[in-house]
Undergrad: 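Quick one: the structure is below, and I'll ask about it shortly.
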Amino acid sequence: MESRDKFNQHLMHPWANLPALGEDDSTPQICRAEGVYLYDNNDHQLLDGPGGMWCMQVGYGRREIADAVSSQIMELGYASTFSVFHPRETELAHKIASVTPGDLNRIFFTTGGSTAVDAALRLCQLANNIKGKPHRKHILCRNKGYHGSTYLAASVCGKERDKSAMDTETENIHFLTAPSLSEDPLGRSEEEFCDFLIEELETTIASIGADNIMCFIAEPVLGSGGVIVPPEGYNRRCWEVVKQHGIVYIADEVVTGFGRLGHWFSSEAVFGVCPDMITFAKGVTSGYVPLGGFAVSDAFMADISLDNANGNIFSTGFTWSANPVSCAAALAVWDIIVKENLLEHVREIGPYFQEQLRTLLGMPLVKSVRGTGLMAAIELEAPESLAGNSLLDRDYALGELVDHHCYQLGLIVRPLINVCVLSPPLILTLEQVDELVAKLRAGIEAAHNSLNQ
Ligand SMILES: Cc1ncc(COP(=O)(O)O)c(C=O)c1O
């Protein structure tokens, strides 16, 4: 049986399109990868625009990671951190704590981003129960935010197009306006729009009552929501308001951490924010093996540990929490980032990447180009002539069309509906930026031409 037949017969992928389950003839089959390139089953070379899924930092086929993982498997392939600890997790936690802002010195490892967010939220719930404030359960989050796929993490996601027949928790969860200036219906200036967002945050806090609010959770730059870079000063002003009211600030750096914006974490280095918790995943192992976690402040933990714990335990954890093989991979990734100066490299190449992508503005089908560091989005505008009646159908069709043409030209763009998100490996060179932009331009042109035939 062919591989695609087996795929259709047995597999169900994330965000499975159920009406077409088992009838897929277009999802590419990727067989190998090296550097910034993937190769499909026909050995067609593809530049990896989205960097796997915002996670491929140091490039594919790194011998250092393979060696670290293989010797770790032979030395200690598994350890249950429910009952023991091991040197790889201590080493990694020590390194991460050395680059987090403020006193975020305690690390809780999970298996990925969703479990990191879920565990962070559950620690906040526990903290309030321990502190005799069980009513303090309200969560502030944003429209277009993405925080994961487990039940509680999914409940704080604000991507309207993902709101389907899936159940989520709705009680105690409040969505604030997405900090997306280009979508402001009133067309305000950046400063006026930012003032509005901060005022909305303040009035929401006032209406719920600060003492009932558990936390505010935010990605510094919204990733899956379409690479939304908030207005200047927004992150810091939100943090100031939230802290003024004694509310916990959680920065979800699952995408923005580990170099994507040219720093280990962006909260303080880029946005001047010192959160109480930072969640991370993806880039920590450069996507090679699953790992995630959160860093939490000593001050937060001091309130709920030792004598202040009232005998409680944090009863959350996973079979693969701080898995030694994952930690070994993360340490190898860390060494590569340091040895190859990848944080500096992103700070140098990021502005060129953004500038070159903006040369696509003005092309037919291109509505907007936005981003920062090595993350960007090209938003496409669907012409009315496209198949389907609703705008959503047209947007999907356009995204697929551009994806198809870029693929033929040797570039993966993986549009989220009508938004091509780019988050290439951090090792991308100047020449590869040019290659990526040239292929994207040609792919958009080809898509446009095919509409006019
Ligand atoms: C900001 C953010 N948080 C959390 C997650 C969930 O991570 P995972 O898919 O590893 O569970 C994602 C995934 O894309 C993300 O972008």
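Both ligands and their constituent atoms are indexed starting at 1 by order of listing. A quick note: this is a predicted structure, and the numbers were derived from the prediction, not measured.
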Undergrad: Polar contacts were defined as any N/O atom of the residue lying under 3.5 Å from an N/O atom of the ligand; does this apply to Asp252 and ligand 1?
TA: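 The answer is yes, given that Asp252 and ligand 1 share an N or O pair closer than 3.5 Å.
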Undergrad: Among protein heavy atoms, which lies nearest atom 9 (O) of ligand 1, and at what distance?
TA: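 Result for atom 9 (O) of ligand 1: Ser114 OG, 4.2 Å.
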Undergrad: For atom 16 (O) of ligand 1, what's the nearest protein heavy atom and its distance?
TA: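 For atom 16 (O) of ligand 1, the nearest protein heavy atom comes out as Val255 CG2, 3.3 Å.
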Undergrad: Specify the protein heavy atom at minimum distance from atom 14 (O) of ligand 1: its residue, its atom name, and the distance to 0.1 Å.
TA: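 Result: Lys282 NZ, 2.9 Å.
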Undergrad: For a quick check under 3.5 Å, do Thr27 and Asp24 share a side-chain donor-acceptor pair by atom type?
TA: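 Per modelled atom types, Thr27 and Asp24 side chains form a pair under 3.5 Å.
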Undergrad: Answer yes or no: is there a side-chain heavy-atom contact under 4.5 Å between Leu201 and Val242?
TA: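 Answer yes - side chains close enough.
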Undergrad: If you count the non-hydrogen atoms of other residues, nucleotides and ligands that lie under 6.0 Å from OH in Tyr78, is the total more than 12?
TA: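 Atom OH in Tyr78 is crowded, with more than 12 foreign heavy atoms closer than 6.0 Å.
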Undergrad: Taking C-beta and beyond as the side chain, do Glu219 and Glu253 meet within less than 4.5 Å on heavy atoms?
TA: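 Sidechains of Glu253 and Glu219: no contact.
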Undergrad: Return yes if a side-chain donor-acceptor contact under 3.5 Å exists between His147 and Asp252, otherwise no.
TA: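 A pair is found: one side chain offers a donor N or O, the other an acceptor, under 3.5 Å apart.
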Undergrad: Do Ile198 and Cys238 come within less than 4.5 Å of each other through their side chains, counting heavy atoms only?
TA: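 With C-beta onward as the side chain, the pair touches.
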Undergrad: Have a look at ligand 1 and work out which part of His147, if any, has a heavy atom under 4.0 Å from it: side chain, backbone, both or neither.
TA: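 Near ligand 1, His147 shows its backbone, while the atoms from C-beta on stay back.
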Undergrad: Please list the nearest protein heavy atom to atom 10 (O) of ligand 1 with its residue and the distance rounded to 0.1 Å.
TA: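 Residue, atom and distance for the closest contact: Gly113 N, 2.8 Å.
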Undergrad: Can you sort out which atoms of ligand 1 are near Glu219, meaning under 4.0 Å from one of its heavy atoms?
TA: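 Every atom of ligand 1 under 4.0 Å from some heavy atom of Glu219: 1 (C).
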Undergrad: Relative to the heavy atoms of Tyr146, which atoms of ligand 1 are at a distance of less than 4.0 Å?
TA: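 Answer for ligand 1: 1 (C), 2 (C), 3 (N), 5 (C), 12 (C), 13 (C), 14 (O), 15 (C), 16 (O).
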